[in-house]
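Throughout, residue positions are numbered sequentially from 1 according to the sequence presented.
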Amino acid sequence: MIHAKDSLAGVAPYAPGRPTSEIKRKYGLSHVVKLASNENPLGASPKAVEAVKKSAESVFLYPDPDSFNLRTALADYHGLKPDQFVFGTGSDGLIELVCKTFLGEGDESIMPAPSFSLYALNVLSAGATPVEVPLDENWHYSPVAMLPYITDRTKVIWLCNPNNPTGGIFTEEEQTAFLNQVPEDILVIIDEAYYEYAATVGSYPNSLKQLKNRKNILILRTFSKIYGLAGLRVGYGMGDPAIISEMEKTRPPFNVCSSAQAAAEASLADCEFVNRSLAENCENMAYLEDAFSAMGLSFVKSYTNFIAVNTGKDSKTVYEKLLTLGYIVKGGHVLGMPGYLRVTVGTREECEGFVAALSQVLKELN
Ligand SMILES: Cc1ncc(COP(=O)(O)O)c(C=O)c1O
């Protein structure tokens, strides 16, 4: 029997949200709603879809290895220089690149827990050791909580803001206090996959402005969430050109396909779609919060397009019963939040259907 390297012994693979086709097959259902992977229920910008159709004409060619057009558009959009960007096959791809580039045997990498599980998985794949810092009893963490865990082996610290799976945020003040104290030779990754949902909150950090005078930060963003391009796999990192050029050493040259580059560029220009997505998310988030309160269920205040609700029951059981009713969510048992479900904010109809299904399941379990 061939075994993965020792550092991966006992590691469970990432547990992605199940696709609707699989659940339809498995339970003989004709209608299944997926609220498990924090996709945009409105789909993608029509401009992005148009760009993908157009890009089909050039599928026989390798993509632009530098993502020149997308890079230029983003540099313009964020007021940064083109050499401050690195592109990934989703931000997943960038998390992997960070670990491949900066971590090896004997290194340590600090992260909040629970948080996005791919940090620990990729740290382990690189042969390094994940050091997990538990969230407080309200599922909150302040980045300064990472500081006592720093040793002379620490190479990378992960911050996830808003945090997945809790949906919570830390403030600009909390972030700055941390950045002022963290040694300059430690790379700080600020994963802002849900940035657009939180950006309007006054206390949410403006991380980009930190790039002006700090050389040890990489900010991760993605087109998978509010831009609705999860299926195309495109994310980007922003940081000091010296960090970027190190990552270019390990980046596969054609890691962002032509359709993804074209769609991402078109999406960036469609503010109307982003604003509409935000407005609907806000309304349907409020609907879910009200519905959970009415059911007597507590939840974590979320600044994203998902919400973690405490069912007070075994989450695996609730998760599995919901599947039989055609609702795919994420169970807290795989997220480090036992008893909870993490639910993506869908359309109003999807949210109403989910609330009805959850009420039915909880009634059955009472
Ligand atoms: C916090 C966080 N980071 C990164 C990702 C990866 O996103 P993608 O690879 O689709 O860009 C996700 C996806 O759910 C996420 O929640």
Side-chain angles (χ1 to χ4, degrees), residues 12-27 29-44 90-92 114-118 121 139 160 162-168 191 193-194 197 222-233 235 277 280-281 284-285 287-289 291-292 297 299-300 302-311 313-362:
Y14 181 71
R18 306 316 309 166
T20 51
S21 52
E22 178 186 314
I23 302 307
K24 281 182 187 168
R25 259 193 327 268
K26 192 165 169 189
Y27 296 99
L29 297 166
S30 57
H31 181 67
V32 171
V33 174
K34 184 182 175 204
L35 300 173
S37 300
N38 310 333
E39 295 140 331
N40 186 335
L42 302 187
S91 34
D92 285 355
S115 190
F116 191 46
S117 62
L118 283 186
L121 256 180
W139 302 106
C160 188
N163 190 43
N164 178 5
T166 59
D191 183 346
Y194 302 93
Y197 296 100
T222 181
F223 283 95
S224 297
K225 303 303 175 186
I226 205 153
Y227 291 105
L229 299 180
L232 285 174
R233 316 303 303 123
S277 302
E280 284 223 20
N281 185 70
N284 295 335
M285 177 69 89
Y287 166 79
L288 284 177
E289 288 175 347
F292 295 152
L297 303 178
F299 54 86
V300 186
S302 172
Y303 300 86
T304 65
N305 65 340
F306 62 84
I307 181 164
V309 57
N310 189 353
T311 65
K313 307 280 177 210
D314 174 59
S315 12
K316 187 160 181 280
T317 309
V318 180
Y319 162 79
E320 282 167 358
K321 282 187 169 286
L322 282 168
L323 283 183
T324 66
L325 298 176
Y327 284 88
I328 315 171
V329 296
K330 270 275 181 98
H333 58 292
V334 295
L335 298 170
M337 298 183 83
Y340 280 76
L341 296 176
R342 194 199 67 192
V343 188
T344 303
V345 179
T347 60
R348 176 56 66 96
E349 196 186 343
E350 289 169 340
C351 290
E352 285 173 355
F354 167 72
V355 166
L358 180 62
S359 305
Q360 183 182 326
V361 167
L362 294 181

Is there side-chain contact between [X] and [Y], with at least one heavy-atom pair below 4.5 Å?
X	Y	result
Met285	Tyr197	no
Pro41	Thr347	yes
Val309	Leu288	no
Trp139	Pro165	no
Phe354	Leu35	yes

**Message:** Please evaluate residues Tyr27 and Leu323 with respect to the criterion side chain to side chain contact (heavy atoms under 4.5 Å, CB included), reporting the C-alpha separation (whole Å), side-chain torsions for both, the decisive distance (0.1 Å), and the verdict.
**Reply:** CA-CA 8 Å; Tyr27 296 99; Leu323 283 183; 3.8 Å; yes
(Q) If we count only N and O atoms by modelled type, under 3.5 Å, do the side chains of Asn38 and Tyr194 hold a donor and an acceptor together? (A)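 Tyr194 and Asn38 do have a side-chain donor-acceptor pair below 3.5 Å.
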- prompt: Are more than 12 heavy atoms from other residues, nucleotides or ligands located less than 6.0 Å from atom NZ of Lys24?
  reply: yes
Requested in this report: Tell me, yes or no, whether the heavy-atom count around Glu349 atom CD, taken from other residues, nucleotides or ligands under 6.0 Å, exceeds 12.
Outcome: no
Could you report the tightest heavy-atom contact between [X] and [Y], atom names first, then the distance?
X	Y	result
Val355	Ala291	CG2-CB, 3.8 Å
Ala12	Leu121	O-CD2, 3.9 Å
Asn40	Ile226	ND2-O, 2.8 Å
Leu341	Val318	CD1-CG1, 3.8 Å
Met337	Ser315	O-OG, 4.2 Å
Tyr327	Ala357	CD1-CB, 3.7 Å

How long is the gap from [atom1] on [X] to [atom2] on [Y], to the nearest 0.5 Å?
X	Y	atom1	atom2	result
Lys321	Leu358	NZ	CG	12.5 Å
Arg18	Ile328	CZ	CD1	8.5 Å
Glu22	Lys34	CD	NZ	10.0 Å
Thr317	Leu322	OG1	CG	11.0 Å
Glu280	Arg348	CD	CZ	9.0 Å
Asn305	Glu39	CG	CD	9.5 Å

Backbone of [Y] reached by a side-chain donor or acceptor of [X] within 3.5 Å:
X	Y	answer
Asn164	Phe116	no
Asn281	Thr304	yes
Arg342	Gly332	no

inquiry  = Using 30° and 60° as the class boundaries, would you call the ring planes of Phe299 and Phe292 parallel, tilted or perpendicular?
reply    = tilted
task: Could you check Ser224 against Arg233 for side chain to side chain contact (heavy atoms under 4.5 Å, CB included), going step by step and ending with a plain yes or no?
output: CA-CA 7 Å; Ser224 297; Arg233 316 303 303 123; 3.4 Å; yes
Please determine whether side chain to side chain contact (heavy atoms under 4.5 Å, CB included) holds for the pair Thr311 and Leu362, giving the CA-CA distance in whole Å, both sets of side-chain angles, and the decisive distance to 0.1 Å. CA-CA 8 Å; Thr311 65; Leu362 294 181; 4.2 Å; yes
Assess the residue pair Val334 and Tyr319 against the criterion (side chain to side chain contact (heavy atoms under 4.5 Å, CB included)); give the C-alpha distance rounded to whole Å, side-chain angles, the decisive distance to 0.1 Å, and a yes or no.
CA-CA 11 Å; Val334 295; Tyr319 162 79; over 6 Å; no
